[in-house]
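Numbers here simply count residues along the sequence, with the first being 1. These values consider heavy atoms only, across backbone and side chains, with no hydrogens, waters or symmetry-generated copies.
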Amino acid sequence: MSIDSTKSVSTIAATLNCDLINAQQKQPTAKVKSKPCIEPSTNVSLNQTVSLLSSTNDINMEKVNKIKHAIETGSLLVNTDKIADELIKHTMEYLTMEMDIEGE
C-alpha cells in the first residue's frame, strides 16, 4: 500500500448540511417553568416521631457509657480477630447473595 493510493479524506463540515445547522441555531431555546416540590403551606411536625424514637430502648446506654469510659481511660480492648472474622463473614454473605441474584 502506498501513500498515493489512499483515498482523500473529506472534512466533517463538508458532510453536514449547513442550512440545517443554521436553522437550528436561529431557533430560540425552550424555557421550562417548574413548580416547587413543596408548597409554602406545608407543615412538618417531628415532635411525635422524636418522642417515639426516644421512648424506644434499642440503645443500651449503660453499655455505651462503659465503652465511653474505657475509651477515655485508654482501657478499651479491641478484638481485631473477631472484627476481621465478622467482616469476612459478611462480605462472603454479600458476595454469595450477589452471585445468586446475577445467576437468576
Side-chain angles (χ1 to χ4, degrees):
M1 178 172 150
S2 68
I3 294 175
D4 295 331
S5 65
T6 59
K7 295 181 180 179
S8 63
V9 178
S10 60
T11 61
I12 294 175
T15 60
L16 297 176
N17 185 340
C18 293
D19 294 333
L20 177 64
I21 293 172
N22 290 335
Q24 287 175 344
Q25 289 175 349
K26 290 178 184 177
Q27 292 177 352
T29 58
K31 293 183 182 180
V32 178
K33 292 183 180 181
S34 62
K35 292 183 180 179
C37 295
I38 300 174
E39 295 294 325
S41 63
T42 303
N43 292 322
V44 177
S45 175
L46 298 176
N47 293 334
Q48 187 178 18
T49 306
V50 170
S51 64
L52 179 64
L53 287 173
S54 63
S55 68
T56 60
N57 293 325
D58 289 342
I59 300 172
N60 183 343
M61 290 308 294
E62 183 180 336
K63 189 172 183 178
V64 169
N65 289 330
K66 284 182 183 179
I67 293 171
K68 278 185 183 180
H69 180 70
I71 291 171
E72 289 169 356
T73 60
S75 62
L76 179 67
L77 297 176
V78 178
N79 187 345
T80 55
D81 291 337
K82 184 176 179 181
I83 293 171
D85 289 343
E86 288 297 315
L87 281 170
I88 291 169
K89 181 179 116 183
H90 288 286
T91 302
M92 294 300 291
E93 288 173 359
Y94 174 77
L95 291 174
T96 303
M97 182 180 66
E98 287 292 312
M99 288 173 53
D100 288 344
I101 291 172
E102 289 177 3
E104 290 179 2

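Residues passing the side-chain contact (heavy atoms from CB on, under 4.5 Å) test with M92, sequence neighbours excluded: I88. For S75, the side-chain contact (heavy atoms from CB on, under 4.5 Å) partners at least two apart in sequence or on another chain are A70, T73. Under the side-chain contact (heavy atoms from CB on, under 4.5 Å) criterion, I71 pairs with I67, L76, not counting sequence neighbours. Qualifying salt bridge (charged side-chain N to carboxylate O under 4.0 Å, His left out) partners for K66, counting only residues two or more places apart in sequence or in other chains: E62. Evaluation of the side-chain contact (heavy atoms from CB on, under 4.5 Å) rule for L87 yields I83 as partners, not counting sequence neighbours.
The stretch residues 80-91 participates, sequence neighbours left out, in these salt bridge (charged side-chain N to carboxylate O under 4.0 Å, His left out) pairs: E86-K89.
To the nearest 0.5 Å, the span separating CG on D100 from CG on L95 amounts to 11.0 Å.
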